[in-house]
> 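Quick one: this structure, given as structure tokens, is what I'll be asking you about.
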Amino acid sequence: MELLGIDIGGSGIKGAIVNAATGELVTERLRLPSPPTFQPDEVVAVVADLVKQFNYSGPIGVGFPGVVMHGTVVAPPTALAFPNWVGVNLAERVSAAVGCPVTVGNDADVAAMAEMFFGAGRGETGVVMMFTLGTGIGSALFINGHIVPNTEMGRVYPRDSKKTIEQLASDRVREEQKLSWKEWGEKLNDYFKYIELLFYPDVIIIGGGVSKKHEKFFPHIKVRARLIPAAFRNEAGIVGAAMAALDQIAPQPWELPGAGHSEG
Ligand code: BGC
């Protein structure tokens with residue numbers, strides 16, 4: 001089934017129509033810039049604009065860069081620090097704006113579902129974690145293909161630090177601080193070693209646009225887990241959002257517990 005998947009990010013809001021049963025994009029990806037002040041009304045308006053550009057009517061899946069429970073944003077995007085998102089029922093707001101059923105989940109969770117079922121994690125069992133390295137750091141945790149939603153591992157504070165790992169080692173920070181691959185890789189190494197101490201994942205999948213340059217920083221990350229780059233790169237969020245929407249129509253092998261749905 002072909003559904004519209006939308007990935008809301010700090011710098012761009014991207015979408016494509018996806019065959020959510022195979023993970024394939026059936027249209028070009030469209031991208032509109034995110035409103036710099038990232039207010040809920042503004043973001044909803046850009047999403048509605050994107051839906052219009054696809055001339056689309058039908059179920060829509062949306063990934064959002066914050067904690068989302070039952071369609072409502074309960075913790076704002078930390079990397080963007082816009083607190084007035086708390087309590088916004090994004091599923092309802094978008095479906096009211098576009099007149100379509102809308103399903104909303106955390107961006108890293110939906111991206112990880114795409115990787116797990118159609119990408120780098122395909123066929124993996126046991127404990128699999130995925131991290132998206134971008135404006136922020138997103139995380140996802142699977143046990144035998146079942147996701148534990150909203151894990152938010154980018155909010156971890158390294159020892160003696162007043163900043164979260166996301167504020168110290170996201171890809172945005174790498175760019176802003178002009179960190180070398182080695183410097184950045186070593187920061188990530190400390191972080192993933194700590195994650196390993198907490199969860200002992202069998203596999204760690206690294207996503208986000210920078211994962212295409214994985215050979216530059218993977219050598220500095222010395223974890224016991226198998227470290228693999230994402231297969232979808234920047235499209236995982238779009239594909240996974242459409243997958244979450246499909247699961248609301250008919251139960252799929254994947255499921256995002258607590259994904260919020262509004263019929264519009
Ligand atoms: C948010 C997460 C999100 C991640 C990646 C963080 O700032 O807290 O919910 O998954 O950014 O966008």
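Position 1 is the first residue of the sequence; numbering continues from there. Just so you know, ligand 1 is whichever comes first in the structure, and atom 1 is the first atom listed for that ligand.
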> Could you tell me the residue and atom name of the protein heavy atom closest to atom 5 (C) of ligand 1, and the distance to it rounded to 0.1 Å?
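Nearest protein contact, heavy atoms only, for atom 5 (C) of ligand 1 is Asp107 OD2, 3.5 Å.
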> Check ligand 1 against Arg155 and write out every atom of the ligand that is under 4.0 Å from a heavy-atom position of the residue.
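Listed by number with element, the hits are 8 (O).
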> Would you mind finding which of Gly136, Pro65, Ala112 brings a heavy atom closest to atom 1 (C) of ligand 1?
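When every heavy atom of Gly136, Pro65, Ala112 is considered, Pro65 comes closest to atom 1 (C) of ligand 1.
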> Can you tell whether the side chains of Lys182 and Glu186 come within less than 4.0 Å, N to carboxylate O?
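Counted as a salt bridge, because a side-chain N and a carboxylate O are separated by less than 4.0 Å.
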> Check this for me, if you would: do Arg93 and Asp41 make a salt bridge, where the nitrogen-to-carboxylate-oxygen distance has to be below 4.0 angstrom?
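Yes, charged N to carboxylate O under 4.0 Å.
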> If the cut-off is 4.0 Å to any non-hydrogen atom of Gly66, which atoms of ligand 1 fall inside it?
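In order of numbering, the contacting atoms are 9 (O).
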> Is there a side-chain contact between His261 and Glu263, using heavy atoms and a 4.5 Å cut-off?
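Touching, per the 4.5 Å side-chain cut-off.
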> Side-chain heavy atoms under 4.5 angstrom apart, residues restricted to Ile, Leu, Val, Met, Phe, Trp, Tyr: same cluster for Leu168 and Ile221?
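Different clusters: Leu168 never reaches Ile221 through Ile, Leu, Val, Met, Phe, Trp or Tyr contacts under 4.5 Å.
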> Students often mix this up, so state it plainly: with edges at 30° and 60°, are the rings of Phe117 and Phe142 parallel, tilted or perpendicular?
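It falls in the perpendicular class, over 60°.
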> Where's the contact between Asn106 and ligand 1, heavy-atom distance under 4.0 Å: side chain, backbone, both or neither?
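Under 4.0 Å from ligand 1, Asn106 contributes side-chain atoms alone.
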> Can you find an N/O atom of Ser139 closer than 3.5 Å to an N/O atom of ligand 1?
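By distance alone, the answer is no.
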> Is there a nitrogen or oxygen of Glu152 sitting under 3.5 Å from a nitrogen or oxygen of ligand 1?
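N/O-N/O distance below 3.5 Å exists for this pair.
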> Using a 4.0 Å cut-off to any heavy atom of Ile137, which atoms of ligand 1 qualify?
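Near Ile137, the atoms of ligand 1 are 4 (C).
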> Checking side-chain polar atoms at under 3.5 Å, does Thr37 have a donor or acceptor matched by the opposite partner on Glu42?
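A donor-acceptor contact under 3.5 Å links the two side chains.
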> Students should be able to answer this: which protein heavy-atom is nearest to atom 11 (O) of ligand 1, and at what distance?
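The closest one turns out to be Glu166 OE2, 3.3 Å.
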